[in-house]
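Data first, discussion second: the structure below is written as C-alpha cells.
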Amino acid sequence: MTHNKKALAMAVATSILLWGCGQPQQAEPKVAAPAAKQEAAKPLSKADVKLAPVQELVKGNGAEPATLDPAKTEGTVESNIQRDLYEGLVTTGPNGEVRPGVAERWETKDNKVYTFYLRKDAKWSNGDPVTAGDFVYAFRRVVDPKTGSPYSWYLETPGIVNATAVINGKVKPEELGVKAVDDHTFEVTLEKPISYFVSMMAHTTVYPEPQKVIEKFGDKWTQPGNLVGNGAYNLKEWVVNEKIVLERNKTYWDDANTTINKVTYLPIQSQNADMNRYLAGEVEMTYETPIEQFKRLQKERPDEVRVTGYVGTYYYEFNCKKKPFDDVRVRKALAFAIDRAVIADSVMGQGQKPGYGLVPDFVDGFVPATPAYAKLTQEQRNEEAKKLLKEAGFDEAHPLKFELLYNTSENHKKVAVAVAAMWKKTLGVDVALVNQEWKTYLETKSGGNFDVARAGWIADYNEASSMLDLKQTTHGNNDGKYSNPKYDELMAKSREVSDSAARNKLYAEAETILAEDMPLANIYQYVTARLVKPYVGGYPNNPLDNLYTKDMYIIAH
C-alpha cells in the first residue's frame, strides 16, 4: 500500500488455521522478528489494569485523507481511519495473526474456492444486517471501471475469476467470481489455487459496502450523517484539515468488548508539530517521530518511544517512460550513488536497515538474495555510477537535471536533501526538490507527471508477492510504468505454485530482474517509530502497523 511515511497498509501476517468443516489447509508462516533494535513492550491486559473514567484517544495521522471510501483508497492515512469505520471478512490480531471478522469461519478444500460463513449478528451502523450481498457488491464495485479504484488490481492479483476481464471492460462486474450462496455465506472462486488468499482479506479494499447508501448519496456517501459503516466506530465529525472524530458504534457485533468511546484523527503533516502536541498532552499517539529528535526522545522517554518492524520499503521511483529515465544506465547511476547506510543510520537512525531490494529481508518465508551491486563498497558503487552516467551522455559540460517529487513531510525532506547532496557530490547532478500535499502528490504520481518520486510500499499481506507484484506492467500502482515481460511471466507463474520453496525461487529471480533493470532505487527498510502515551493499553506489535482502536483502552493515570 502506498505509504505516507503510502504510503500502504493494511493486511496480514501469520498463522492461518481454516475454521469450520472444511479440510484444514497449510498454515501461513509465522511473522518474522522485527528489524527494529528496540522491541515494543508487551501490552498490559485490560483485565489487569484500572481503566480511566474517560475513554477517548487522539491520534496524529500524517495528512488529510483523500477519501474514506474503501474502494477508492490507496494510502495509509485513509486506511488507518477505515479500520475503525468498517470490518472485512477477517481482521488481524496484535501480532498480525489472522482473526475472524465479519466471517466467523471459512473453509476451502482446494485453495481455489473459498467459502466464508458470516456471523449473523454483524450489522451496519443503521441497524441493517451485514450480508454476503454486501461483499458481492463491494468486490464488484472495486473492479468496475466506472469506480476508478486505484486498487482494482488487488482483486486481479489472486486471480479472482474474471477480475482482469471486468477491469478491462470486457465483461460486466456481475461476472466476477464472487457470489452470495445465501445471506450469510459468501463464496470466492479463483482461477488457480492460492494458499495465502485468506490473509489478503483483511485489506481495506475488500471491506463490505452499503449499496443503498452509496446509491442514495453518490460521492457524498462518506460525509458525516451519510456514512454507514460496520466497524467499531461511526463518523461523527469531519473538519477538513483539522480533525476527523469517530464515536463508538453500538450496533457493532463486538461492541461489548470495545472500550474507547471516541477517537480523533488529526491530519498533522509536520512531525515536529505532531511531537509538540504530544508533549503538550493534546495527542496520545503520534503518526511518526521527527528523526532529528528520535535519540533524545528515546533517552528521555524510553517507555513512550515505540519502535517495531514494518514489512515495507522506502524507495525512489523512476519514470521509465520519460527521458532520460528510460535509459537503464541513468537509473542505475542514480541508484548506485545513494549511500543507503548513511540514510538508514544517520539520517533516519530509528532502526531502519539499508534496502537494496524491494522485498524486506524479514518478510515471512522469503530470504532475498543480495544483489551484486550491494556487495560492492560505496566507493566502488560511486565509480560505477560515474561511468554509467557518462556513457548515457551526461558530464560536467552536460549535467543531468531533474525534479525529485515527495509528499509534504519533514522526514521525507531530510532524506531528499541528503540524497540530492549525494547525487550532486558524486555525479554533478542538479536536483530540484518538489513537495506536494498528500492528495496532490498521489494525483501527480499516478498521472505519471514526475521525473523521480519518493514512494514507499507497505505489504498488504505478509508475503513476498505483496511487494513484488507492484512492478508488474498492469499493476495499478506501477506509477513509473516499468514493464518487463519476463518479470510479468515470473510473477504470473508464482501464483500457480503452491509449494513455498518453489514460489520463493521465482521471487528471487524476479528480484534479480529488478536489480538489473533498476526501475526503483530502494533506500531503506521501514520500521514504525512513534510516541505512545504509557496509559494507552493494547498497543500492538503488528508488523504491518494495522492498528484497531477497538483493541485499545485508556488506563487510569
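Atoms considered below: every heavy atom in the structure, side chains included; atoms not considered: hydrogens, waters and symmetry mates.
- Between the side chains of Thr164 and Glu156, at least one donor-acceptor pair of N or O atoms lies under 3.5 Å.
- With salt bridges taken as basic N to acidic carboxylate O contacts below 4.0 Å, none links Lys486 and Asp517.
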Problem - Chi angles and distances behind the salt bridge (charged side-chain N to carboxylate O under 4.0 Å, His left out) call for Lys505, Asp499 - result: CA-CA 10 Å; Lys505 185 177 180 181; Asp499 178 73; over 6 Å; no
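- Side-chain atoms of Asp144 and Thr147 form no donor-acceptor pair, as typed in the model, at a separation below 3.5 Å.
- For the pair Thr204 (side chain) and Pro70 (backbone), a donor-acceptor distance under 3.5 Å is absent.
- Atoms OG1 and CD1, from Thr108 and Ile194 in turn, are 11.5 Å apart once rounded to the nearest 0.5 Å.
- In this structure, the side chain of Asn168 does not engage the main chain of Lys170 through any donor-acceptor pair within 3.5 Å.
- Looking at Arg119, its side chain does come within 3.5 Å of a backbone N or O of Gly101 through a donor-acceptor pair.
- For the residue pair Trp253 and Glu87, a side-chain donor N or O sits within less than 3.5 Å of a side-chain acceptor on the partner.
- Taking each heavy atom of Leu176 and Val166 in turn, the nearest pair found is N-CG2, 4.4 Å.
- Counting heavy atoms from C-beta outward, Met467 and Pro360 have side chains that approach closer than 4.5 Å.
- With no hydrogens or angles considered, a side-chain donor-acceptor pair links Thr473 and Asp488 at under 3.5 Å.
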Practice task
Evaluate the criterion side chain to side chain contact (heavy atoms under 4.5 Å, CB included) for residue pair Met201 and Val98; output intermediate values, then yes/no.
Solution key: CA-CA 9 Å; Met201 293 297 98; Val98 174; over 6 Å; no
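- To the nearest 0.5 Å, the span separating CH2 on Trp106 from CD on Glu104 amounts to 10.5 Å.
- Looking only at side-chain heavy atoms (C-beta outward), Leu427 and Lys386 come within less than 4.5 Å of each other.
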Problem - From CA spacing to verdict: side chain to side chain contact (heavy atoms under 4.5 Å, CB included), Asp326, Lys323 - result: CA-CA 5 Å; Asp326 58 344; Lys323 292 185 177 299; 3.2 Å; yes
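- For the pair Arg340 (side chain) and Ile523 (backbone), a donor-acceptor distance under 3.5 Å is absent.
- Nearest approach of Ala529 to Val307, heavy atoms of both residues: CB-CG2, 4.1 Å.
- Residues Tyr461 and Tyr154 meet the side-chain proximity criterion, which asks for heavy atoms closer than 4.5 Å.
- Smallest separation of non-hydrogen atoms from Ala510 and Leu490: N-CD1, 3.8 Å.
- Under the 4.0 Å criterion applied to side-chain N and carboxylate O atoms, Glu107 and Lys109 are not assigned as salt-bridge partners.
- Put simply, the residue from Asp84, Thr92, Asn80 that forms a side-chain hydrogen bond (donor to acceptor under 3.5 Å, both in side chains) with Tyr548 is Thr92.
- Between Val188 and Ile160, some side-chain heavy-atom pair lies under the 4.5 Å cut-off.
- Side-chain contact of Ser465 with Tyr196: a donor-acceptor pair under 3.5 Å is present, judged by distance alone.
- One distance of note links CG of Leu190 with CG of Asn111; it measures 8.5 Å at 0.5 Å rounding.
- Using a 4.5 Å heavy-atom threshold, the side chains of Lys332 and Glu516 count as touching.
- Atom-to-atom distance recorded for Glu489:CD and Leu506:CG is 10.0 Å, nearest 0.5 angstrom.
- At a cut-off of 3.5 Å, with distance as the only test, no side-chain donor of Glu317 or Trp457 sits close to an acceptor on the other residue.
- A heavy-atom distance below 4.5 Å is found between the side chains of Tyr151 and His203.
- Of the possible donor and acceptor atoms, none in the side chain of Arg141 sits under 3.5 Å from a partner among the backbone N and O of Ala71.
- No donor-acceptor distance shorter than 3.5 angstrom exists from the side chain of Glu511 to the backbone of Pro368, with no hydrogens or angles considered.
- In this structure, Arg105 is positioned above the aromatic face of Tyr117, its NZ or CZ under 6.0 Å from the six-membered ring centre and within 45° of the axis.
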Practice task
Kindly indicate, with the supporting measurements, whether the criterion side chain to side chain contact (heavy atoms under 4.5 Å, CB included) is fulfilled by Leu89 and Leu118.
Solution key: CA-CA 8 Å; Leu89 294 165; Leu118 312 189; 3.7 Å; yes
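- Atom CZ of residue Arg454 and atom CG of residue Leu405 lie 9.0 Å apart, to the nearest 0.5 angstrom.
- Ser494 places a side-chain N or O within 3.5 Å of a backbone atom of Met491 that can act as its donor or acceptor partner.
- Residues Glu443 and Asn449 are not in side-chain contact: their nearest non-hydrogen atoms beyond the backbone lie 4.5 Å or more apart.
- Here the closest heavy-atom approach between residue Ile81 and residue Pro65 is recorded as CD1-CG, 4.0 Å.
- Between Tyr314 and Tyr526, the ring planes are perpendicular. Angles over 60° get that label, and only those under 30° would be called parallel.
- Between Asn478 and Leu470, the closest heavy-atom pair is CB-O, 3.5 Å.
- With Arg381 contributing its side chain and Leu376 its backbone, the two residues share a donor-acceptor pair below 3.5 Å.
- Of all heavy-atom pairs between Ser152 and Ile167, the closest is O-CD1, 3.5 Å.
- In this structure a side-chain-to-backbone donor-acceptor pair under 3.5 Å is missing from Asp551 to Gly538.
- Considering OH of Tyr507 and CG of Leu468, their distance stands at 7.5 Å, rounded to 0.5 Å.
- Judged by distance alone, with hydrogens and angles left aside, the side-chain atoms of Thr157 form a donor-acceptor pair with the main-chain N or O of Trp153 at under 3.5 Å.
- A side chain to side chain contact (heavy atoms under 4.5 Å, CB included) with Tyr316 is found for exactly one of Leu334, Leu520, Leu404, namely Leu404.
- Using bins of under 30°, 30° to 60° and over 60° for the plane-to-plane angle, the ring pair Phe139/Phe135 lands in the perpendicular bin.
- Between the side chains of Thr73 and Thr67, no donor-acceptor pair of N or O atoms lies under 3.5 Å.
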Handout entry: Working for salt bridge (charged side-chain N to carboxylate O under 4.0 Å, His left out), residues Lys353 and Asp361
Key = CA-CA 9 Å; Lys353 297 179 66 175; Asp361 58 15; 2.9 Å; yes
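- Using a 4.5 Å heavy-atom threshold, the side chains of Trp423 and Ile338 count as touching.
- Judged by a 6.0 Å distance limit and a 45° cone about the ring axis, Lys322 is not positioned over the six-membered ring of Phe325.
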